[in-house]
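Right, one structure below, let's go through it.
Residue numbers begin at 1 in each chain, while the letters A, B, ... track the order of the sequences.
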Protein chains: 2
Amino acid sequence: MELQMATATHARRPSKNARRAAILEAAAQVFFEQGYAATSIDAIIKRLGGSKRTIYNEFGSKEGLFTALVSENAGTALSALAVDGLEGRSLSEVLLEFGRRLLAIYMSPGLIGVYRSIMPEAGRFPELAREFFEKGPGRASDRLAEVLEEARDRGEIELEDCRGAADHFVGMFRDNLHLQVVLGLRPPPSPPEAEAAVTSAVGIFLHGIYGVDREGRAKGQMSNG
Amino acid sequence: MELQMATATHARRPSKNARRAAILEAAAQVFFEQGYAATSIDAIIKRLGGSKRTIYNEFGSKEGLFTALVSENAGTALSALAVDGLEGRSLSEVLLEFGRRLLAIYMSPGLIGVYRSIMPEAGRFPELAREFFEKGPGRASDRLAEVLEEARDRGEIELEDCRGAADHFVGMFRDNLHLQVVLGLRPPPSPPEAEAAVTSAVGIFLHGIYGVDREGRAKGQMSNG
DNA sequence: CTTGACTGGTAATGTCCGTTACCTTACCGG
DNA sequence: CCGGTAAGGTAACGGACATTACCAGTCAAG
């Protein structure tokens, strides 16, 4: 007897979706804290309650659970990067907003966790690593490159390698601050710290250190005007 | 009977130092490939030959071996970052050379391996994570900040937050290219690719995308207000 | 040559873990 | 209220692994 469960939300049990989400949340806590290899299903069950059977029924294996977890988090992060309603504004405005969202995503527990846990497993899960990169940092760079190309088409900037520049911009948000957070050496930045980091990065990216603090200087317009 | 072994290099056996180095090299191959948690001492012995006893005699435990390995690699990387004979040159020359070395270090197998393997273990080895950061990216940023401050003192640039700018510069070399290499999605850059990345990053850092024309050269129409 | 300390090899020990077999329970339609 | 189905729970199985014993070989000193 196989009934399709797509349309009808029967909600017979605590909802298959809710159960699945609960598993993923508990799994995130343990996987992202301990890493894939050091995580045991028992440890997840200890946080989740219930039985291993539930996990194996839903995800099939430890690999399946980890894959689903990383995939889900990468996808969620991506959705926050949509550049909506920004195309009309100035390049500096767009970059600032883009930087804010990028930093927020990079500092979110989900992405920090994915970052930490996928690194040593990249060899074991090549497709997962590719998916993470393409959905996350790769897509961010793609979107930004488009923005830069549009600005170039409008004549705002003269830039040949928009893609490379976009990569550098994205990299500026995975700087030592990000690394310290990933390594657990300091907490994520407070909103003012984050805003300062974004402003600084955008300022350098637009004008360079020769231009920052000298010219029209984006800082004066943005912060504490 | 306890003889001091510090001064005299007796070289009775294949040299305690050589043995230690051999262990560390084999350990690097496995730890950096598989990650700490997924690495077994047996796997190291399979590459090294010999017996587990040797490892346990020298390093005491798996933790001790990993700690020594990471510590050693972080220290080695640091040594390559010394800015020698660069203080006389122009800021752009210094940044280019600094960037070249930084990129080379970041792309070296040792640092890539440390990067990959320390991430999920940062919670388990907080001191090791701190040592890695301070000896590696932290020190790089410190050194660069000094260079920038000297340039500021010479009046070449006007930059308030040299430390933040240095962090951004360092981050530009941990961009998506670096991430792809760490994730095993692409090989390290060829020398021309590396040089292009360095030139591009330095160009943006100095003049921003408003000032970059071709090949990272400045348009030169913006400063000197 | 003998002694002794150290290295190498094998295997044991105790534990942990992914996965599965089997039993128990709760919910569903009648 | 009752039986059936599927999920939850218990515990076992089989393997891996860090660490340690134990034995044999080896090199250096006496």
Pair A:L69-A:F32, side-chain contact (heavy atoms from CB on, under 4.5 Å): steps then yes or no
CA-CA 10 Å; A:L69 176 65; A:F32 293 166; 3.7 Å; yes
Could you write nucleotides 9-22 of chain D as a row of B, S and -, 5' to 3', where a protein heavy atom under 4.0 Å of any base atom gives B, of only sugar-phosphate atoms gives S, and otherwise -?
BB------SSBBB-
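- The residues A:R186 and A:E193 are annotated as salt-bridged, a charged nitrogen and a carboxylate oxygen being separated by less than 4.0 angstrom.
- Rounded to an integer number of Å, the gap from CD of A:Q34 to C1' of C:dC17 is 14 Å.
- Ion pair A:R130/A:E127 not flagged as a salt bridge, since none of the NZ, NE, NH1 or NH2 atoms sits closer than 4.0 Å to an Asp/Glu carboxylate oxygen.
- Look at A:N57 and you won't find any side-chain N or O under 4.0 angstrom from OP1 or OP2 of D:dA6.
- Remark: P of C:dC16 and NZ of A:K46 are 10 Å apart, rounded to the nearest angstrom.
- When all heavy atoms are compared, the tightest approach of B:G50 to B:I45 is O-CG2, 3.4 Å.
- One atom, CG of A:L65, and another, C1' of C:dC17, lie 15 Å apart when rounded to the nearest Å.
- The aromatic rings of A:F125 and A:Y36 sit perpendicular to each other, their planes meeting at more than 60°, with 30° as the lower class boundary.
- To the nearest angstrom, P of D:dA6 lies 16 Å from CD of A:E58.
- Between A:I55 atom CD1 and C:dC17 atom C1' there is a gap of 13 Å when expressed in whole angstrom units.
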Donor-acceptor pairs are to be reported for all side-chain atoms of residues 174-185 of chain A against protein atoms at under 3.5 Å, with residues two or more places apart or in another chain.
residue	atom	partner	partner atom	Å
A:R174	NE	A:Y115	OH	3.3
A:R174	NH1	A:Y106	OH	2.9
A:R174	NH1	B:N176	OD1	3.2
A:R174	NH2	B:R174	O	3.1
A:R174	NH2	B:D175	O	2.9
A:R174	NH2	B:N176	OD1	3.3
A:D175	OD1	A:L177	N	3.2
A:D175	OD1	A:H178	N	3.4
A:N176	OD1	B:R174	NH1	3.2
A:N176	OD1	B:R174	NH2	3.2
A:N176	ND2	B:P137	O	3.2
A:N176	ND2	B:D167	OD1	3.0

